[in-house]
2 protein chains.
Amino acid sequence: MPAPVDHSERRDRIAEIVSDIISRDGLDAVTIRQVATAAGYSTTIVTHYFASKRELLLYTYQAAATHAQRRVDAVLGRDPLDLQGYLEALLPLDEASLREWRVYFAFWQLAAIDTEFATEQQRGERHAREGIVRILEARARAGQGPVPADPEAAARRLLTLLLGVAVQAMFDPLDWSAGRQKEFLTGELRALGACRPAMPVA
Amino acid sequence: MPAPVDHSERRDRIAEIVSDIISRDGLDAVTIRQVATAAGYSTTIVTHYFASKRELLLYTYQAAATHAQRRVDAVLGRDPLDLQGYLEALLPLDEASLREWRVYFAFWQLAAIDTEFATEQQRGERHAREGIVRILEARARAGQGPVPADPEAAARRLLTLLLGVAVQAMFDPLDWSAGRQKEFLTGELRALGACRPAMPVA
């Protein structure tokens, strides 16, 4: 009797391969045939799971986001008030997260012209922002650290900074080393609650 | 006698068409043949100017950056101290600049894996940062507005915020309307010189 096929495992294996191709050769290089060859599957098996390159990319993006979420969950499992850890888990600080960011970049290019992909991206950004708000509120309840007057605005600002850092770190890794990314974040978090840039300066 | 061929005009016409295709259908849809058809040229003419899709994209990116630079120059021509105007000229506030940002996104996807493209992107970012530093210094000399203690750090922060805003505005234009993008920027500029997030809070 043949072993039962683990469909979810196959999908994840395919997403891994798509990630590899995007990281190495870019989105243009992703074809159903190329993916099938690298996975050791027939193209029929690949198209059984993913009808198009578009579907392949959507799943690969979601898989990358799931990996990032796992890192975030691990951080908050250790310390639910660790805002710096939360943000660092989302930055391109090592090869694994750089690889995820390359997938995001490939995805963005399509999200800029495709409503479904844009909605997925919106969801991810709002989710990240809500996560920041929750930590800020938990810190307030625990009486830990300065708490910004407007957690929503602070979260919006922190996510904006995080995205800006990630974009620069991708292209200028010497200027934006992992150390500098963390340092920059530390500076912003230190000032949190101490300045309120959205408020007029008296 | 046939009219002399204006090569620079042809190149720019081709770059415009590539921009259109990227904005409408994404980078995947850009092929030499497609570009030739849209331009009314033979593929031989297109390949005379651009040997590959890669070269096409590099030129199109540079053309988008040149357009943005012209907007910046126009702002500074009116008022060399207008930092808000400088930054707004770089944000995706209208259809023309959104189109440029779609070209940047297509370019980023390749810059994430291609050293020459990454270098081009680094150059653009450093250039934008230097522009901010120059305006901050000119404002200091003119005694206009609060001047940050560390203009380099302030410029780095402002460009980081600008990139983060642009990325979000591309996917969530309702949440990041032109009005909100400007308002966010105004808040940050108002606080400039008033808080120094890179310094420890006593």
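Chain letters run A, B, ... following the sequence lines, proteins first and then strands; every chain starts at 1.
Using a 4.5 Å cut-off between non-hydrogen atoms, the part of residues 108-117 of chain B that approaches chain A consists of Trp108(B), Gln109(B), Ala111(B), Ala112(B), Ile113(B). At a heavy-atom cut-off of under 4.5 Å, chain B is reached by Lys53(A) from residues 51-86 of chain A, listed in order of number. At a heavy-atom separation below 4.5 angstrom, chain A is approached by Arg102(B), Phe105(B), Ala106(B) within residues 93-107 of chain B. At a heavy-atom cut-off of under 4.5 Å, chain A is reached by Ile22(B), Ser23(B), Arg24(B), Asp25(B), Gly26(B), Leu27(B), Asp28(B) from residues 6-32 of chain B, listed in order of number.
For Arg123(B), no part lies under 4.5 angstrom from a heavy atom of chain A. Only the side chain of Gln121(B) comes within contact range of chain A, judged by heavy atoms closer than 4.5 Å.
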TODO: Quick one: do Gln122(B) and Leu174(A) satisfy side-chain contact (heavy atoms from CB on, under 4.5 Å)? Show the steps, please.
DONE: CA-CA 10 Å; Gln122(B) 274 170 34; Leu174(A) 287 179; over 6 Å; no
TODO: Kindly indicate, with the supporting measurements, whether the criterion side-chain contact (heavy atoms from CB on, under 4.5 Å) is fulfilled by Gln168(B) and Arg129(A).
DONE: CA-CA 12 Å; Gln168(B) 294 172 93; Arg129(A) 215 155 68 198; 4.0 Å; yes
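Annotation: maximal heavy-atom pairing with chain B below 4.5 Å, among Glu125(A), Glu183(A), Met170(A), Glu120(A), occurs at Glu125(A). The residue among Thr160(B), Leu163(B), Thr119(B) with the most heavy atom pairs within less than 4.5 Å of chain A is Thr160(B).
The pair Asp175(A)-Arg156(B) counts as a salt bridge, with a side-chain nitrogen and a carboxylate oxygen less than 4.0 angstrom apart.
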